[in-house]
Amino acid sequence: MPATVKNALIWVFGALGGILWGYDTGVISGAMLFLKQDIALTPLLEGLVVSGLLVGAMLGAGLAGRLSDSWGRRRLILAASAVFILGTLGAACATGAAMLIAFRFVLGVGVGIASVVVPLYLTELAPKHLRGGLTSLMQLLVTVGIFVAYVTDYLLAGSGAWRWMIGLGVVPAAVLALGIVTQPESPRWLVSKGRGGQAREVLTRLRGDAATAGEELAEIERTERAERGAGEPLSLRRLLSPQLRGVFTVGMLLVFFQNFVGINTIIYYAPTLLTDIGFGPSGAILANVGIGLLNMVMTLPAMRLIDRLGRKPLLRTGALGMCAAMVVLAVTNLSGLGYGPLLSALTLLGIGLYIASFAVSWGPVQWVMLPELFPMRIRAAAVSLCVLFNWLFNMVVALVFPSLLHAWGAGINFCFFAGTTLLAFLFVQRLLPETKGRSLEEIEAELLAGGVDRRPGGRRPPVSSGADAAH
(Lines give C-alpha, C1' and ligand atoms only; values in the text may rest on other atoms or scores of the structure.)
Protein backbone atom coordinates (compact mmCIF):
# COMPACT_ATOMS: atom_id res chain seq x y z
CA MET A 1 0.00 0.00 0.00
CA PRO A 2 1.48 3.46 -0.91
CA ALA A 3 2.76 5.55 2.02
CA THR A 4 0.33 8.39 1.27
CA VAL A 5 -2.60 5.99 1.50
CA LYS A 6 -1.27 4.57 4.77
CA ASN A 7 -0.97 8.06 6.22
CA ALA A 8 -4.48 8.92 5.10
CA LEU A 9 -5.77 5.82 6.90
CA ILE A 10 -4.06 6.99 10.09
CA TRP A 11 -6.09 10.19 10.08
CA VAL A 12 -9.32 8.45 9.04
CA PHE A 13 -9.16 5.66 11.60
CA GLY A 14 -7.78 7.99 14.27
CA ALA A 15 -10.71 10.34 13.79
CA LEU A 16 -13.38 7.68 13.23
CA GLY A 17 -14.31 7.96 16.89
CA GLY A 18 -15.82 11.28 15.85
CA ILE A 19 -18.43 9.51 13.70
CA LEU A 20 -19.44 7.38 16.69
CA TRP A 21 -19.59 10.42 18.92
CA GLY A 22 -21.67 12.34 16.38
CA TYR A 23 -24.01 9.45 15.59
CA ASP A 24 -24.77 8.60 19.20
CA THR A 25 -25.39 12.22 20.20
CA GLY A 26 -27.39 13.07 17.08
CA VAL A 27 -29.57 9.99 16.64
CA ILE A 28 -31.54 10.56 19.84
CA SER A 29 -33.15 13.74 18.49
CA GLY A 30 -35.21 11.81 15.93
CA ALA A 31 -35.53 8.60 17.92
CA MET A 32 -37.06 10.58 20.79
CA LEU A 33 -40.17 11.30 18.71
CA PHE A 34 -40.91 7.57 18.45
CA LEU A 35 -39.45 5.85 21.51
CA LYS A 36 -41.97 7.76 23.66
CA GLN A 37 -44.66 5.57 22.06
CA ASP A 38 -43.04 2.48 23.64
CA ILE A 39 -41.46 3.97 26.76
CA ALA A 40 -43.36 6.51 28.86
CA LEU A 41 -41.25 9.63 29.38
CA THR A 42 -41.94 12.78 31.39
CA PRO A 43 -40.04 15.95 30.43
CA LEU A 44 -37.54 15.12 33.20
CA LEU A 45 -37.06 11.54 31.96
CA GLU A 46 -36.69 12.87 28.42
CA GLY A 47 -33.89 15.08 29.65
CA LEU A 48 -32.32 12.12 31.47
CA VAL A 49 -32.37 9.97 28.31
CA VAL A 50 -30.39 12.67 26.51
CA SER A 51 -28.18 13.64 29.43
CA GLY A 52 -27.49 10.03 30.52
CA LEU A 53 -24.99 9.91 27.67
CA LEU A 54 -23.45 13.13 28.93
CA VAL A 55 -23.01 11.87 32.50
CA GLY A 56 -21.25 8.83 31.06
CA ALA A 57 -19.12 11.13 28.93
CA MET A 58 -18.00 12.93 32.09
CA LEU A 59 -16.82 9.63 33.57
CA GLY A 60 -15.14 8.57 30.33
CA ALA A 61 -13.38 11.91 29.98
CA GLY A 62 -12.25 11.77 33.61
CA LEU A 63 -10.74 8.31 33.13
CA ALA A 64 -9.23 8.96 29.71
CA GLY A 65 -6.34 11.16 30.80
CA ARG A 66 -4.71 8.64 33.10
CA LEU A 67 -5.59 5.67 30.91
CA SER A 68 -4.16 7.28 27.77
CA ASP A 69 -0.89 7.94 29.60
CA SER A 70 -0.63 4.36 30.87
CA TRP A 71 -2.20 2.36 28.00
CA GLY A 72 -1.29 4.63 25.09
CA ARG A 73 -3.53 6.66 22.78
CA ARG A 74 -4.17 3.93 20.20
CA ARG A 75 -5.04 1.19 22.67
CA LEU A 76 -7.50 3.45 24.47
CA ILE A 77 -9.27 4.28 21.19
CA LEU A 78 -9.68 0.52 20.69
CA ALA A 79 -11.18 0.20 24.18
CA ALA A 80 -13.57 3.05 23.44
CA SER A 81 -14.87 1.23 20.36
CA ALA A 82 -15.73 -1.81 22.51
CA VAL A 83 -17.62 0.42 24.94
CA PHE A 84 -19.53 1.95 22.00
CA ILE A 85 -20.60 -1.50 20.80
CA LEU A 86 -21.84 -2.55 24.25
CA GLY A 87 -23.74 0.67 24.87
CA THR A 88 -25.31 0.75 21.41
CA LEU A 89 -26.66 -2.80 21.59
CA GLY A 90 -27.98 -2.28 25.12
CA ALA A 91 -29.76 1.00 24.30
CA ALA A 92 -31.30 -0.47 21.15
CA CYS A 93 -32.76 -3.37 23.17
CA ALA A 94 -34.00 -1.24 26.09
CA THR A 95 -37.44 -2.16 27.43
CA GLY A 96 -37.88 0.70 29.89
CA ALA A 97 -36.66 4.17 30.76
CA ALA A 98 -34.15 2.96 33.36
CA MET A 99 -32.52 0.50 30.95
CA LEU A 100 -32.39 3.07 28.17
CA ILE A 101 -30.82 5.69 30.44
CA ALA A 102 -28.30 3.14 31.79
CA PHE A 103 -27.03 2.10 28.37
CA ARG A 104 -27.02 5.69 27.15
CA PHE A 105 -24.68 6.20 30.12
CA VAL A 106 -22.45 3.37 28.87
CA LEU A 107 -22.44 4.95 25.41
CA GLY A 108 -21.43 8.18 27.04
CA VAL A 109 -18.36 6.57 28.61
CA GLY A 110 -17.19 5.72 25.10
CA VAL A 111 -17.99 9.22 23.86
CA GLY A 112 -16.07 10.78 26.76
CA ILE A 113 -13.01 8.63 26.15
CA ALA A 114 -13.06 9.42 22.42
CA SER A 115 -13.47 13.15 23.04
CA VAL A 116 -10.20 13.19 25.00
CA VAL A 117 -7.99 10.64 23.31
CA VAL A 118 -8.84 11.25 19.64
CA PRO A 119 -7.81 14.95 19.67
CA LEU A 120 -4.68 13.99 21.63
CA TYR A 121 -3.82 11.27 19.14
CA LEU A 122 -4.31 13.45 16.07
CA THR A 123 -2.56 16.48 17.60
CA GLU A 124 0.50 14.46 18.54
CA LEU A 125 0.78 12.83 15.11
CA ALA A 126 0.16 15.89 12.93
CA PRO A 127 2.90 18.19 11.50
CA LYS A 128 2.67 21.70 12.95
CA HIS A 129 1.73 23.45 9.70
CA LEU A 130 -1.25 21.10 9.19
CA ARG A 131 -2.14 20.39 12.81
CA GLY A 132 -5.28 22.52 12.91
CA GLY A 133 -6.75 21.02 9.75
CA LEU A 134 -5.89 17.42 10.60
CA THR A 135 -7.13 17.65 14.17
CA SER A 136 -10.29 19.27 12.80
CA LEU A 137 -10.85 16.04 10.89
CA MET A 138 -12.33 14.60 14.06
CA GLN A 139 -14.88 17.41 14.26
CA LEU A 140 -15.70 16.87 10.58
CA LEU A 141 -16.41 13.23 11.30
CA VAL A 142 -18.50 14.24 14.33
CA THR A 143 -20.66 16.24 11.93
CA VAL A 144 -20.68 13.31 9.49
CA GLY A 145 -21.91 11.10 12.32
CA ILE A 146 -24.65 13.59 13.22
CA PHE A 147 -25.69 13.85 9.57
CA VAL A 148 -25.79 10.06 9.14
CA ALA A 149 -27.87 9.85 12.32
CA TYR A 150 -30.35 12.40 10.98
CA VAL A 151 -30.61 10.61 7.62
CA THR A 152 -31.14 7.31 9.44
CA ASP A 153 -33.85 8.90 11.57
CA TYR A 154 -35.57 10.21 8.44
CA LEU A 155 -35.39 6.92 6.52
CA LEU A 156 -36.80 4.98 9.47
CA ALA A 157 -39.34 7.61 10.53
CA GLY A 158 -42.12 6.01 8.50
CA SER A 159 -41.88 2.82 10.52
CA GLY A 160 -40.98 4.54 13.78
CA ALA A 161 -38.14 2.01 14.19
CA TRP A 162 -36.23 3.84 16.90
CA ARG A 163 -34.39 0.67 17.96
CA TRP A 164 -32.81 0.42 14.52
CA MET A 165 -32.04 4.13 14.58
CA ILE A 166 -29.93 3.61 17.70
CA GLY A 167 -28.65 0.12 16.91
CA LEU A 168 -27.06 0.92 13.55
CA GLY A 169 -24.38 2.82 15.47
CA VAL A 170 -22.68 -0.52 16.01
CA VAL A 171 -21.41 -0.49 12.40
CA PRO A 172 -18.91 2.41 12.67
CA ALA A 173 -17.88 1.11 16.11
CA ALA A 174 -16.87 -2.22 14.57
CA VAL A 175 -15.03 -0.48 11.72
CA LEU A 176 -13.11 1.63 14.23
CA ALA A 177 -12.14 -1.42 16.27
CA LEU A 178 -10.80 -3.23 13.20
CA GLY A 179 -9.06 -0.19 11.72
CA ILE A 180 -7.27 1.32 14.72
CA VAL A 181 -5.44 -1.97 15.37
CA THR A 182 -3.38 -1.36 12.22
CA GLN A 183 -2.37 2.23 13.08
CA PRO A 184 0.75 3.51 14.88
CA GLU A 185 1.04 4.83 18.42
CA SER A 186 1.67 8.50 19.17
CA PRO A 187 5.42 9.21 18.85
CA ARG A 188 5.26 11.63 21.79
CA TRP A 189 3.74 8.95 24.01
CA LEU A 190 6.41 6.50 22.85
CA VAL A 191 9.16 8.97 23.78
CA SER A 192 7.60 9.46 27.21
CA LYS A 193 7.89 5.69 27.72
CA GLY A 194 11.53 5.56 26.62
CA ARG A 195 10.75 3.97 23.23
CA GLY A 196 12.59 6.45 21.02
CA GLY A 197 13.38 3.92 18.31
CA GLN A 198 9.71 3.18 17.72
CA ALA A 199 8.94 6.89 17.81
CA ARG A 200 11.53 7.47 15.05
CA GLU A 201 9.91 4.77 12.89
CA VAL A 202 6.46 6.34 13.32
CA LEU A 203 7.72 9.85 12.54
CA THR A 204 9.60 8.64 9.47
CA ARG A 205 6.44 6.96 8.25
CA LEU A 206 4.38 10.07 8.89
CA ARG A 207 6.76 12.68 7.50
CA GLY A 208 8.20 10.56 4.66
CA ASP A 209 11.70 11.89 5.33
CA ALA A 210 14.18 10.44 7.82
CA ALA A 211 15.98 13.77 8.31
CA THR A 212 12.79 15.68 9.12
CA ALA A 213 11.69 12.87 11.42
CA GLY A 214 15.05 12.96 13.20
CA GLU A 215 14.83 16.71 13.81
CA GLU A 216 11.29 16.42 15.19
CA LEU A 217 12.27 13.49 17.39
CA ALA A 218 15.22 15.44 18.78
CA GLU A 219 12.91 18.34 19.68
CA ILE A 220 10.46 16.00 21.41
CA GLU A 221 13.27 14.29 23.34
CA ARG A 222 14.75 17.65 24.44
CA THR A 223 11.37 18.70 25.82
CA GLU A 224 10.92 15.36 27.55
CA ARG A 225 14.37 15.58 29.18
CA ALA A 226 13.73 19.16 30.29
CA GLU A 227 10.46 18.16 31.93
CA ARG A 228 12.00 15.15 33.66
CA GLY A 229 14.91 17.27 34.88
CA ALA A 230 12.77 20.08 36.26
CA GLY A 231 12.98 20.61 39.99
CA GLU A 232 9.19 20.31 40.36
CA PRO A 233 7.65 17.60 38.17
CA LEU A 234 4.72 18.64 36.04
CA SER A 235 1.51 17.43 37.60
CA LEU A 236 -2.16 18.22 37.45
CA ARG A 237 -1.78 20.13 40.74
CA ARG A 238 0.39 22.65 38.93
CA LEU A 239 -2.58 23.73 36.84
CA LEU A 240 -3.50 25.94 39.79
CA SER A 241 0.02 27.36 40.13
CA PRO A 242 0.68 30.94 38.94
CA GLN A 243 2.59 29.56 35.95
CA LEU A 244 -0.29 27.51 34.57
CA ARG A 245 -3.37 29.02 36.21
CA GLY A 246 -3.95 31.40 33.32
CA VAL A 247 -3.89 28.77 30.59
CA PHE A 248 -6.06 26.43 32.67
CA THR A 249 -8.60 29.23 33.04
CA VAL A 250 -8.51 29.78 29.28
CA GLY A 251 -9.11 26.08 28.65
CA MET A 252 -12.05 25.97 31.06
CA LEU A 253 -13.64 29.09 29.57
CA LEU A 254 -13.20 27.63 26.10
CA VAL A 255 -15.25 24.54 26.96
CA PHE A 256 -17.76 26.59 28.98
CA PHE A 257 -18.60 28.89 26.11
CA GLN A 258 -18.68 26.11 23.51
CA ASN A 259 -21.58 24.58 25.43
CA PHE A 260 -23.37 27.68 26.71
CA VAL A 261 -23.65 29.28 23.29
CA GLY A 262 -26.57 26.89 22.80
CA ILE A 263 -25.38 24.30 20.28
CA ASN A 264 -26.77 21.39 22.28
CA THR A 265 -30.29 22.80 22.17
CA ILE A 266 -30.15 22.66 18.37
CA ILE A 267 -28.43 19.27 18.02
CA TYR A 268 -30.59 17.46 20.57
CA TYR A 269 -33.91 19.24 20.30
CA ALA A 270 -34.27 20.73 16.81
CA PRO A 271 -37.09 18.31 15.82
CA THR A 272 -38.90 19.12 19.07
CA LEU A 273 -38.55 22.86 18.41
CA LEU A 274 -39.83 22.42 14.86
CA THR A 275 -42.83 20.32 15.86
CA ASP A 276 -43.71 23.01 18.42
CA ILE A 277 -44.14 25.56 15.58
CA GLY A 278 -46.30 23.30 13.42
CA PHE A 279 -44.01 20.82 11.62
CA GLY A 280 -45.14 17.20 11.49
CA PRO A 281 -42.70 14.51 12.73
CA SER A 282 -41.49 13.57 9.22
CA GLY A 283 -41.14 17.22 8.20
CA ALA A 284 -39.21 18.06 11.37
CA ILE A 285 -36.81 15.16 10.83
CA LEU A 286 -36.34 16.08 7.15
CA ALA A 287 -35.49 19.65 8.19
CA ASN A 288 -33.11 18.13 10.73
CA VAL A 289 -31.34 16.29 7.88
CA GLY A 290 -30.75 19.66 6.24
CA ILE A 291 -29.35 21.00 9.51
CA GLY A 292 -26.99 18.04 9.74
CA LEU A 293 -25.86 18.50 6.14
CA LEU A 294 -25.14 22.19 6.73
CA ASN A 295 -23.24 21.36 9.91
CA MET A 296 -21.06 18.90 7.99
CA VAL A 297 -20.47 21.09 4.91
CA MET A 298 -19.53 24.20 6.91
CA THR A 299 -16.88 22.26 8.83
CA LEU A 300 -14.90 21.86 5.58
CA PRO A 301 -13.91 25.55 5.22
CA ALA A 302 -12.96 25.54 8.91
CA MET A 303 -10.43 22.78 8.24
CA ARG A 304 -8.88 24.89 5.47
CA LEU A 305 -8.96 28.24 7.26
CA ILE A 306 -7.82 27.24 10.74
CA ASP A 307 -4.15 26.95 9.70
CA ARG A 308 -4.35 30.00 7.41
CA LEU A 309 -6.32 32.61 9.36
CA GLY A 310 -5.68 31.21 12.82
CA ARG A 311 -7.87 30.06 15.67
CA LYS A 312 -8.99 33.44 17.05
CA PRO A 313 -10.41 34.99 13.85
CA LEU A 314 -12.62 31.94 13.30
CA LEU A 315 -13.88 32.00 16.87
CA ARG A 316 -14.65 35.71 16.80
CA THR A 317 -16.55 35.50 13.51
CA GLY A 318 -18.45 32.43 14.64
CA ALA A 319 -19.51 34.04 17.93
CA LEU A 320 -20.93 37.07 16.14
CA GLY A 321 -22.77 34.88 13.62
CA MET A 322 -24.29 32.76 16.40
CA CYS A 323 -25.32 35.89 18.30
CA ALA A 324 -27.13 37.25 15.23
CA ALA A 325 -28.85 33.88 14.70
CA MET A 326 -30.06 33.71 18.30
CA VAL A 327 -31.44 37.24 18.03
CA VAL A 328 -33.39 36.18 14.91
CA LEU A 329 -34.75 33.10 16.70
CA ALA A 330 -35.65 35.08 19.83
CA VAL A 331 -37.44 37.86 17.93
CA THR A 332 -39.27 35.33 15.76
CA ASN A 333 -40.52 33.31 18.72
CA LEU A 334 -41.45 36.35 20.83
CA SER A 335 -43.19 38.25 18.02
CA GLY A 336 -46.48 36.39 18.34
CA LEU A 337 -46.46 35.11 14.75
CA GLY A 338 -48.97 32.30 14.33
CA TYR A 339 -48.15 28.99 12.71
CA GLY A 340 -47.43 29.53 9.07
CA PRO A 341 -44.77 29.75 6.35
CA LEU A 342 -43.26 33.00 7.66
CA LEU A 343 -42.62 31.61 11.14
CA SER A 344 -41.25 28.38 9.67
CA ALA A 345 -38.96 30.20 7.23
CA LEU A 346 -37.55 32.58 9.86
CA THR A 347 -36.99 29.75 12.31
CA LEU A 348 -35.14 27.67 9.72
CA LEU A 349 -33.11 30.74 8.68
CA GLY A 350 -32.05 31.36 12.28
CA ILE A 351 -31.16 27.72 12.87
CA GLY A 352 -29.24 27.58 9.57
CA LEU A 353 -27.23 30.72 10.35
CA TYR A 354 -26.48 29.43 13.81
CA ILE A 355 -25.31 25.99 12.64
CA ALA A 356 -23.15 27.48 9.86
CA SER A 357 -21.51 29.91 12.30
CA PHE A 358 -20.83 27.22 14.89
CA ALA A 359 -19.56 24.63 12.41
CA VAL A 360 -16.98 26.96 10.88
CA SER A 361 -15.62 28.07 14.25
CA TRP A 362 -16.41 26.80 17.74
CA GLY A 363 -17.18 23.26 16.58
CA PRO A 364 -13.66 22.33 15.43
CA VAL A 365 -11.47 24.99 17.06
CA GLN A 366 -12.01 23.91 20.67
CA TRP A 367 -10.80 20.40 19.94
CA VAL A 368 -7.76 21.73 18.11
CA MET A 369 -6.76 24.20 20.83
CA LEU A 370 -7.21 22.17 24.01
CA PRO A 371 -4.30 19.77 23.34
CA GLU A 372 -2.19 22.69 22.08
CA LEU A 373 -2.47 24.68 25.30
CA PHE A 374 -0.94 22.25 27.81
CA PRO A 375 2.60 20.85 28.35
CA MET A 376 3.22 17.28 27.19
CA ARG A 377 3.64 15.68 30.62
CA ILE A 378 0.22 16.88 31.78
CA ARG A 379 -1.45 17.22 28.38
CA ALA A 380 -3.63 14.12 28.69
CA ALA A 381 -4.63 14.85 32.30
CA ALA A 382 -5.31 18.55 31.66
CA VAL A 383 -7.33 17.92 28.49
CA SER A 384 -9.19 15.15 30.32
CA LEU A 385 -10.19 17.54 33.10
CA CYS A 386 -11.29 20.26 30.68
CA VAL A 387 -13.29 17.76 28.61
CA LEU A 388 -14.88 16.36 31.78
CA PHE A 389 -16.22 19.86 32.46
CA ASN A 390 -17.17 20.12 28.78
CA TRP A 391 -19.53 17.19 29.24
CA LEU A 392 -20.76 18.56 32.57
CA PHE A 393 -21.75 21.83 30.89
CA ASN A 394 -23.24 19.86 27.99
CA MET A 395 -25.28 17.78 30.44
CA VAL A 396 -26.61 20.83 32.29
CA VAL A 397 -27.90 22.36 29.05
CA ALA A 398 -29.40 19.08 27.79
CA LEU A 399 -31.01 18.22 31.12
CA VAL A 400 -32.70 21.52 31.85
CA PHE A 401 -33.62 22.70 28.34
CA PRO A 402 -36.83 20.59 27.95
CA SER A 403 -38.13 21.93 31.27
CA LEU A 404 -37.14 25.52 30.44
CA LEU A 405 -38.68 25.19 26.98
CA HIS A 406 -41.91 23.98 28.58
CA ALA A 407 -41.90 26.69 31.27
CA TRP A 408 -40.64 29.77 29.39
CA GLY A 409 -40.97 28.98 25.71
CA ALA A 410 -38.18 29.09 23.13
CA GLY A 411 -37.92 32.88 22.83
CA ILE A 412 -36.58 33.57 26.35
CA ASN A 413 -34.06 30.73 26.02
CA PHE A 414 -32.79 32.14 22.72
CA CYS A 415 -32.35 35.56 24.37
CA PHE A 416 -30.14 33.93 27.01
CA PHE A 417 -27.98 32.25 24.37
CA ALA A 418 -27.69 35.51 22.42
CA GLY A 419 -26.09 36.98 25.54
CA THR A 420 -23.69 34.08 26.06
CA THR A 421 -22.49 34.20 22.43
CA LEU A 422 -21.66 37.89 22.88
CA LEU A 423 -19.68 37.04 26.03
CA ALA A 424 -17.90 34.30 24.05
CA PHE A 425 -16.77 36.93 21.54
CA LEU A 426 -15.35 39.09 24.33
CA PHE A 427 -13.52 36.09 25.84
CA VAL A 428 -11.81 35.30 22.54
CA GLN A 429 -10.93 38.94 21.94
CA ARG A 430 -9.39 39.56 25.35
CA LEU A 431 -8.09 36.29 26.83
CA LEU A 432 -7.49 33.61 24.22
CA PRO A 433 -3.92 33.14 22.88
CA GLU A 434 -3.22 32.30 19.23
CA THR A 435 -1.40 28.98 18.63
CA LYS A 436 -1.33 28.84 14.84
CA GLY A 437 1.92 27.71 13.19
CA ARG A 438 3.81 26.74 16.37
CA SER A 439 5.07 23.29 17.21
CA LEU A 440 3.70 21.80 20.42
CA GLU A 441 7.19 22.02 21.91
CA GLU A 442 7.50 25.71 20.99
CA ILE A 443 4.14 26.51 22.54
CA GLU A 444 5.13 24.63 25.67
CA ALA A 445 8.51 26.34 26.02
CA GLU A 446 6.97 29.79 25.63
CA LEU A 447 4.15 28.95 28.03
CA LEU A 448 6.49 27.73 30.76
CA ALA A 449 8.83 30.67 30.22
CA GLY A 450 6.22 33.42 30.25
CA GLY A 451 2.79 32.04 31.02
CA VAL A 452 -0.35 33.60 29.62
CA ASP A 453 -0.65 37.36 29.40
CA ARG A 454 -4.24 38.06 30.46
CA ARG A 455 -4.24 41.60 29.11
CA PRO A 456 -5.98 42.23 25.74
CA GLY A 457 -3.83 40.53 23.16
CA GLY A 458 -3.38 37.15 24.79
CA ARG A 459 -0.07 35.36 25.23
CA ARG A 460 3.24 37.09 25.63
CA PRO A 461 5.46 37.09 22.56
CA PRO A 462 6.63 35.19 20.66
CA VAL A 463 3.34 33.27 20.54
CA SER A 464 1.11 35.58 18.49
CA SER A 465 -1.83 37.27 20.14
CA GLY A 466 -4.04 36.96 17.11
CA ALA A 467 -3.27 40.37 15.66
CA ASP A 468 -1.00 38.74 13.12
CA ALA A 469 -3.16 35.65 12.67
CA ALA A 470 -4.38 36.69 9.26
CA HIS A 471 -0.89 37.31 7.88
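Along the sequence shown, residues are numbered consecutively beginning with 1.
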> Are side-chain heavy atoms of Asn390 and Gln366 found at a separation under 4.5 Å?
Replying inline: yes
> So which pairs with a foot in residues 415-436 pass ring-ring contact (aromatic ring centres under 6.0 Å, His included), sequence neighbours left out?
Replying inline: Phe257-Phe427
>> One pair to check against side-chain contact (heavy atoms from CB on, under 4.5 Å): Met296 and Ile146. What are the steps and the verdict?
In response: CA-CA 8 Å; Met296 180 175 65; Ile146 292 172; over 6 Å; no
>> Which heavy atom of Ala64 sits nearest to which heavy atom of Leu76, and what is that distance?
In response: O-CD2, 3.6 Å
>> If I take atom CE from residue Met369 and atom CH2 from residue Trp362, how far apart are they, to the nearest 0.5 angstrom?
In response: 9.5 Å
> Once you round to the nearest 0.5 Å, how far does CG of Leu426 lie from CZ of Arg316?
Replying inline: 11.5 Å
> Looking at Ala359 and Ala302, what are the two nearest heavy atoms and their distance?
Replying inline: O-CB, 3.9 Å
> Taking C-beta and beyond as the side chain, do Val365 and Ile306 meet within less than 4.5 Å on heavy atoms?
Replying inline: yes
> Does a side-chain heavy-atom distance below 4.5 Å link Leu41 with Leu35?
Replying inline: yes
>> Between Trp391 and Asn259, is the side-chain contact (heavy atoms from CB on, under 4.5 Å) condition met? List the steps.
In response: CA-CA 9 Å; Trp391 291 112; Asn259 286 279; over 6 Å; no
> Nearest heavy-atom pair of Val360 and Ser357: which atoms, and what distance?
Replying inline: CG1-O, 3.5 Å
> Where does the angle between the aromatic ring planes of Tyr354 and Phe358 fall among parallel (under 30°), tilted (30 to 60°) and perpendicular (over 60°)?
Replying inline: parallel
> Atom OG in Ser384, atom CG in Leu67: separation rounded to 0.5 Å?
Replying inline: 8.5 Å
>> Can you list everything that forms a side chain to side chain donor-acceptor pair (under 3.5 Å) with Trp162? Sequence neighbours excluded, please.
In response: Asp38
>> Quick check against the 3.5 Å criterion: does Thr421 have a side-chain atom that pairs as donor or acceptor with the backbone of Ala418?
In response: yes
> Which heavy atom of Leu45 sits nearest a heavy atom of Ala97, and at what distance?
Replying inline: CD1-CB, 4.4 Å
>> Between Val255 and Val387, does the side-chain contact (heavy atoms from CB on, under 4.5 Å) criterion hold? Intermediate values first, please.
In response: CA-CA 7 Å; Val255 299; Val387 174; 5.7 Å; no
>> Are Leu120 and Ser68 packed together at the side-chain level, in the sense that at least one heavy-atom pair is separated by less than 4.5 angstrom?
In response: yes
> Can you tell me how far the OG1 atom of Thr152 sits from the CZ atom of Phe147, to the nearest 0.5 Å?
Replying inline: 9.5 Å
> Rounded to the nearest 0.5 Å, how far does CE of Met165 lie from CD1 of Ile28?
Replying inline: 10.0 Å
>> So which atom in Ala57 and which in Val111 form the shortest heavy-atom distance, rounded to 0.1 Å?
In response: CB-CG1, 4.5 Å
> Are the side chains of Tyr121 and Ile77 in touch, meaning some heavy atoms are under 4.5 Å apart?
Replying inline: yes
> For Leu53 and Phe105, what are the C-alpha separation, side-chain angles and deciding distance, and is it a side-chain contact (heavy atoms from CB on, under 4.5 Å)?
Replying inline: CA-CA 4 Å; Leu53 181 143; Phe105 172 85; over 6 Å; no
> For Leu20 and Ala173, which heavy atoms make the closest approach, and how far apart are they?
Replying inline: CD2-N, 3.1 Å
> Between the main-chain N or O of Gly52 and the side-chain N or O of Arg104, is there a donor-acceptor pair closer than 3.5 Å?
Replying inline: no
> Is there a side-chain contact between Tyr150 and Val27 (heavy atoms, below 4.5 Å)?
Replying inline: no
> How long is the span from the CG atom in Leu314 to the CZ atom in Arg308, to the nearest 0.5 Å?
Replying inline: 12.5 Å
> Do Arg311 and Glu372 come close enough that some side-chain heavy atom pair is under 4.5 Å?
Replying inline: yes
>> Is any side-chain heavy atom of Leu346 closer than 4.5 Å to one of Leu329?
In response: no
